[in-house]
Amino acid sequence: TAVHDVMKNSLLLPTVQKKTAPFKGYAAGEVIFDHDAALSYLMECFPSLLPSYNVLEPGQRASILFTQSRINFNNGWFVQGEAPAGAMLS
């Protein structure tokens, strides 16, 4: 997807807030350096920081959240065949 790697920009990496801690093993005050987990954090806890995502209907957001956060789907791997099928579809 277009937003999959946006969190590879270190200036955008979020710090886990007290009200959302713990988040997937990250404690309050900890910077989420994993770009996939960072995007997941924003999508789940602060969707308003992603305006194009935030304006979607809840069902549409759920589909995107599922592919980006829950199953860690990497569209680049899929369309370019950069990984074995087991890794792409597991």
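Start at 1 with the first residue, then count along the sequence. Fair warning: this is a prediction, and the values are worked out from it, not measured in the lab.
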[atom2] on [Y] to [atom1] on [X], rounded to 0.5 Å:
X	Y	atom1	atom2	answer
L39	K8	CG	NZ	12.0 Å
M7	S40	CE	OG	10.5 Å
L13	I32	CG	CD1	8.5 Å

Q.
For residues F46 and M43: do they belong to one hydrophobic cluster (side chain heavy atoms under 4.5 Å, members Ile, Leu, Val, Met, Phe, Trp, Tyr)?
A.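 Linked within one cluster.
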Q) Is it true that L49 and L65 fall in one hydrophobic cluster, defined by side-chain heavy atoms closer than 4.5 Å? A)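 Yes; L65 is reachable from L49 via cluster members.
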Q | Non-hydrogen side-chain atoms of L42 and P47 separated by less than 4.5 Å | A |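 They are not in side-chain contact.
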Q: Taking the side chain as every heavy atom from C-beta outward, state whether V16 and V31 have any atom pair closer than 4.5 Å.
A: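 V16 vs V31: side chains apart.
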**Q.** Contact summary for P14 and A38, nearest pair of heavy atoms
**A.**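 Residues P14 and A38, closest heavy atoms: CD-CB, 3.5 Å.
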Q) Could you go step by step and tell me if V6 and H35 meet the side-chain contact (heavy atoms from CB on, under 4.5 Å) rule? A) CA-CA 8 Å; V6 70; H35 72 280; over 6 Å; no
**Q.** Inter- and intrachain pairs under ring-ring contact (aromatic ring centres under 6.0 Å, His included), touching residues 13-33, at least two apart
**A.**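 ring-ring contact (aromatic ring centres under 6.0 Å, His included) check on residues 13-33 returns F23-Y41.
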Q.
With a 4.0 Å cut-off on N to O distance, would you call E44 and K24 a salt bridge?
A.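 Yes.
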